[in-house]
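To start, the structure itself, in structure tokens.
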Amino acid sequence: MSTVTTVERLGRHVGETVTLKGWVYNLSSKGKLHFVQLRDGTGIVQCVVFKNDVAPELFEALGKLGQESSLELEGAVKAEPRAPGGFELSVKSGKIHQSVDGYPITPKEHGADFLLNQRHLWLRSKRPWATMRIRDAVITAVRRFYDERGFVCVDAPIFTPNACEGTSTLFEVEYFEQTAYLTQSGQLYAEAAAMALGKVYTFGPTFRAEKSKTRRHLTEFWMLEPEMAFATLDDVMNLAEDMLCAIVQHVLATRKNELQVLERDLSKLEAIQKPFPRITYDEAAKILAEHPESTFKYGDDFGAPDETILSTRYDRPVMVSRYPEAVKAFYMKRDAANPGKVLCVDVLAPEGIGEIIGGSQREDDLDAMLARIREHKLPEEFFQWYLDLRRYGSVPHGGFGMGLERTVAWICGLEHVREASPFPRMMYRITP
RNA sequence: UCCCCGAUAGCUCAAUGGUAGAGCAUCCGGCUGUUAACCGGAGGGUUGUAGGUUCGAGCCCUACUCGGGGAGCCA
């Protein structure tokens, strides 16, 4: 048998005879000539089978293959401008693993409900294929970014005894004789780890039981949470900015083809360069007050339409800092220079996808933290270990959380975050 | 929890209150350069469920079920 290779590497084998292993993406026959679009996971290539070039039984069998039939084809690689992708395989022999008919997902249009029910098969289609490869590149870029900067990956637990922030609706699970919850954030644990290791990040699944049915929400999503000891809000904002630039650059460098499959406007991504616009809550409030469509009231958090108004003003992510403490979490440090405000930042992605990052400098004073826990009426006994971080060597520190699926949805230009997850979990959907 | 929209062939959709159709998929036949190929033929239906109005309901009314995207809430 000849060299086994992949569609991705075909360009290195022009003129050679190779074997490809994959599935039929589409087949069309011209009688004595079959065109097999072969999908192998790394890409799709056109394979041409002339009747006179192969055994008669093989030619006949190939002509009957339905979509997603599995097979191996052997033939000569040639550069061919008429073929999608620029290369094609002139088939000399082959082996059929399984001949399929009736594959449910045809090359025509389908609705969201149908495709989500077929997600296990839908992943084989071009758009999910491209999206998953970009998602992978985002994850790689993130890990490389933190590794290069000396951050240590420390994973937070998924079972937690109580709500981290005390606000969200959590999923309850039976945990032997007691009730536990699925984590809604690894941040408090990241803070503990940062006091041990300096610079850390957690990266894992996060769960929210909120009954949110929008294109920005999943009940299970991946969140990246870096945390740094000896850091201020400015350090946190600089880190977020550098990281987003690094992610976008890595995707542009390694997944251009996939972005083109998704028909993404590359110039929108090429524009993602430092510096990002930075405005305060007060400045954002002023912008909204002058906007005819906004119903924003000063003192409130921004609603989704407000975020869209703000983010579409810029060609790169906008960083909004220093919100009123009443609308933010208990652990954020008050801003000494702005009474009533906290040292926090939200990063809003352009093109209407909304908030992709939320971060802050953390309250590091024991008494202030105790007071905030009481104001928010949180169960003090659950926070004793967290308060220990303020008792023993407290330092200024901070970090942020980035929603992976929202970030991928923004980079890919997706309509809905569910497409950024291989098997999305939503309010009314838990299968497949 | 609230608001709006939807449900007809495997899929995407059509059908003025009057005989349920098309394209794709499937099966059969044709074609040596197709790009979601094309051409000819065939099979495929309890119109989401339950009631109501009507001579007659896919279509009008009510309830329910399932789903969609938006609000709130959140990332």
Side-chain angles (χ1 to χ4, degrees), chain A residues 25-37 44-53 59 63-64 66-68 80-86 88 90 100-118 121-122 125-126 163-170 183-187 205-225 295 300-308 327-329 346-349 353-359 400-410 415-418 420-421 426-429:
Chain A
Y25 195 76
N26 198 10
L27 179 132
S28 66
S29 179
K30 289 278 293 179
K32 290 174 181 158
L33 165 62
H34 301 317
F35 293 99
V36 181
Q37 305 294 334
I44 296 174
V45 69
Q46 172 162 286
C47 303
V48 186
V49 191
F50 286 98
K51 188 170 187 179
N52 293 336
D53 291 349
F59 186 82
K64 291 179 176 169
Q67 247 185 294
E68 292 303 319
E80 171 54 71
R82 285 175 293 183
E88 73 177 20
S90 303
V100 168
D101 65 55
Y103 183 69
I105 303 177
T106 66
K108 297 280 178 177
E109 314 153 11
H110 299 284
D113 183 46
F114 173 76
L115 288 173
L116 286 165
N117 286 333
Q118 312 289 333
L121 301 177
W122 186 25
S125 300
K126 273 183 189 169
C164 290
E165 303 183 15
T167 51
S168 302
T169 318
L170 305 186
T183 184
Q184 59 158 339
S185 166
Q187 184 205 310
T206 307
F207 307 88
R208 302 282 165 93
E210 256 112 27
K211 296 188 174 174
S212 298
K213 271 177 54 173
T214 82
R215 61 198 181 87
R216 299 181 305 281
H217 289 89
L218 298 171
T219 55
E220 175 182 333
F221 61 97
W222 277 60
M223 188 148 70
L224 163 81
E225 296 175 283
T295 56
D300 288 353
D301 202 351
F302 303 126
D306 298 323
E307 289 186 352
T308 302
V327 301
K328 288 292 178 182
D346 281 2
V347 180
L348 310 179
I353 206 73
E355 183 181 346
I356 54 172
I357 284 178
F400 62 78
M402 179 188 85
L404 176 66
E405 287 77 8
R406 283 190 182 176
T407 303
V408 172
W410 160 54
E415 275 299 302
H416 199 301
V417 286
R418 66 188 168 206
S421 172
M426 288 168 291
M427 192 177 156
Y428 292 120
R429 196 176 284 282

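What's counted below: heavy atoms across the whole structure, side chains too, no hydrogens, waters or symmetry copies.
Between Gln37(A) atom CD and G33(B) atom C1' the separation is 12 Å, expressed in whole Å. Counting to the nearest Å, the P atom of C24(B) and the CG atom of Leu27(A) are 16 Å from each other. At whole-Å resolution of the value, CG in Leu404(A) and C1' in C74(B) are 17 Å apart. Across the protein-nucleic acid pair, Met426(A) atom CE and C66(B) atom P stand 16 Å apart, rounded to whole Å. Here the P atom of nucleotide G68(B) and the CG atom of Leu115(A) are 12 Å apart, to the nearest Å. Atom pair Asp113(A):CG and G67(B):P shows a separation of 8 Å (rounding to whole Å applied). Remark: C1' of C38(B) and NE2 of His34(A) are 16 Å apart, rounded to the nearest angstrom. Atom CE in Met223(A) sits about 14 Å away from atom P in C74(B), given to the nearest Å.
Contact detail for Ser185(A) and Met223(A): the closest heavy-atom pair is CA-CE, 3.9 Å. For the residue pair Ala409(A) and Val417(A), the shortest heavy atom distance occurs at CB-CG1, 4.1 Å. Between Thr295(A) and Asp306(A), the closest heavy-atom pair is N-OD1, 4.4 Å. For the residue pair Lys213(A) and Met427(A), the shortest heavy atom distance occurs at CG-SD, 3.7 Å.
A donor-acceptor pair under 3.5 Å is formed between the side chain of Glu225(A) and the backbone N or O of Gly186(A). A donor-acceptor pair is defined here as one N or O able to donate and one able to accept, closer than 3.5 Å; no such pair exists between the side chain of His34(A) and the backbone of Val36(A). When atom types are taken as modelled, the side chain of Tyr25(A) and the backbone of Lys126(A) share a donor-acceptor pair closer than 3.5 angstrom. The main-chain N or O of Thr169(A) is found under 3.5 Å from a side-chain atom of Glu210(A) such that the two form a donor-acceptor pair.
A9(B) sits 22 Å from G68(B) when the C1' atoms are compared, rounded to a whole Å. Taking the C1' atom of each, U8(B) and C4(B) are spaced 23 Å apart, rounded to whole Å. Taking atom P on both nucleotides, A42(B) is separated from C64(B) by 46 Å, rounded to a whole Å. Taking atom C1' on both nucleotides, A57(B) is separated from G18(B) by 10 Å, rounded to a whole Å. Spacing between C5(B) and C74(B) at atom C1', rounded to whole Å, works out to 24 Å. For the P atoms, the distance linking C28(B) with U34(B) amounts to 25 Å, nearest Å. Here the separation of C66(B) from G72(B), taken at their P atoms, is 25 Å to the nearest Å. Between U49(B) and U54(B), the two P atoms lie 23 Å apart (nearest whole Å).
Scanning for ring-ring contact (aromatic ring centres under 6.0 Å, His included) contacts around Phe302(A) gives Tyr281(A), Phe296(A), Tyr323(A), with sequence neighbours left out. For the ring-ring contact (aromatic ring centres under 6.0 Å, His included) test, no residue two or more places apart in sequence or in another chain qualifies with Tyr103(A). Under the salt bridge (charged side-chain N to carboxylate O under 4.0 Å, His left out) criterion, Arg216(A) pairs with no residue, sequence neighbours left out. Evaluation of the side chain to side chain contact (heavy atoms under 4.5 Å, CB included) rule for Ser421(A) yields Arg135(A), Leu218(A), Glu405(A), Pro424(A) as partners, not counting sequence neighbours. Applying the side chain to side chain contact (heavy atoms under 4.5 Å, CB included) test to Phe114(A) and every residue at least two apart in sequence or in another chain returns Pro104(A), Ile105(A), His110(A), Gln118(A). For Lys51(A), there are no salt bridge (charged side-chain N to carboxylate O under 4.0 Å, His left out) partners, not counting sequence neighbours. Residues that satisfy the salt bridge (charged side-chain N to carboxylate O under 4.0 Å, His left out) test with Lys30(A), not counting sequence neighbours, are absent from this structure.
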Can you give me the N/O atom pairs linking the protein to nucleotides 70-72 of chain B at distances under 3.5 Å, or say none if there are none?
residue, atom, partner, partner atom, Å
G70(B), OP1, Arg215(A), NE, 3.2
G70(B), OP2, Arg215(A), N, 3.0
G70(B), N7, Lys213(A), O, 3.0
A71(B), OP2, Arg216(A), NH2, 3.1
A71(B), N6, Lys211(A), O, 3.4
G72(B), O6, Ser212(A), OG, 2.9
G72(B), N1, Lys211(A), O, 3.1

With 3.5 Å as the limit, what N/O pairs link the protein to nucleotides 27-30 of chain B?
residue, atom, partner, partner atom, Å
C27(B), OP1, Asp101(A), OD2, 3.2

Polar atoms only, N or O, under 3.5 Å: list the protein pairs with nucleotides 7-11 of chain B and their distances.
residue, atom, partner, partner atom, Å
C11(B), O2', Glu109(A), O, 3.3
C11(B), O2', His110(A), ND1, 2.4

N/O to N/O distances under 3.5 Å, protein versus nucleotides 39-49 of chain B:
none

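Among the heavy atoms of the strands, none lies under 4.0 Å from Gly403(A). As judged by a 4.0 angstrom heavy-atom cut-off over every strand, Gln67(A) is placed among residues making no nucleic acid contact. At a threshold of 4.0 angstrom between heavy atoms, the contacts of Tyr428(A) are confined to the sugar-phosphate backbone, with no base atom among them. Within the 4.0 angstrom heavy-atom criterion, base atoms lie near Glu88(A). Counting any heavy atom pair closer than 4.0 Å across all strands shown, Ile356(A) reaches no nucleic acid atom. Here Asp301(A) lies out of heavy-atom contact (under 4.0 Å) with every strand. Residue Gly401(A) is classed as having no contact, given no heavy-atom separation below 4.0 Å to the nucleic acid.
OP1 and OP2 of U32(B) both lie 4.0 Å or more from every side-chain N or O belonging to Arg82(A).
Consecutive pairing runs in RNA chain B reach the stem threshold at B:1-7 with B:65-71, B:10-13 with B:21-24, B:26-30 with B:38-42, B:48-52 with B:60-64, where a stem means at least three Watson-Crick or G-U wobble pairs with distances under 3.5 Å.
The shortest side-chain heavy-atom distance between Asp113(A) and Arg429(A) falls under the 4.5 Å cut-off. Residues Leu27(A) and Phe35(A) form no side-chain contact, since every pair of their non-hydrogen atoms from C-beta on lies 4.5 Å or further apart.
If Lys32(A) and Glu220(A) are placed on RNA chain B by their nearest nucleotide, the residue sitting closer to the 5' end is Lys32(A). Toward the 5' end of RNA chain B, the nearer of the two residues Glu307(A) and Leu33(A), judged by each one's closest nucleotide, is Leu33(A).
For the atom pair CG of Leu121(A) and CD of Gln67(A), the computed distance is 10.5 Å after rounding to the nearest 0.5 Å.
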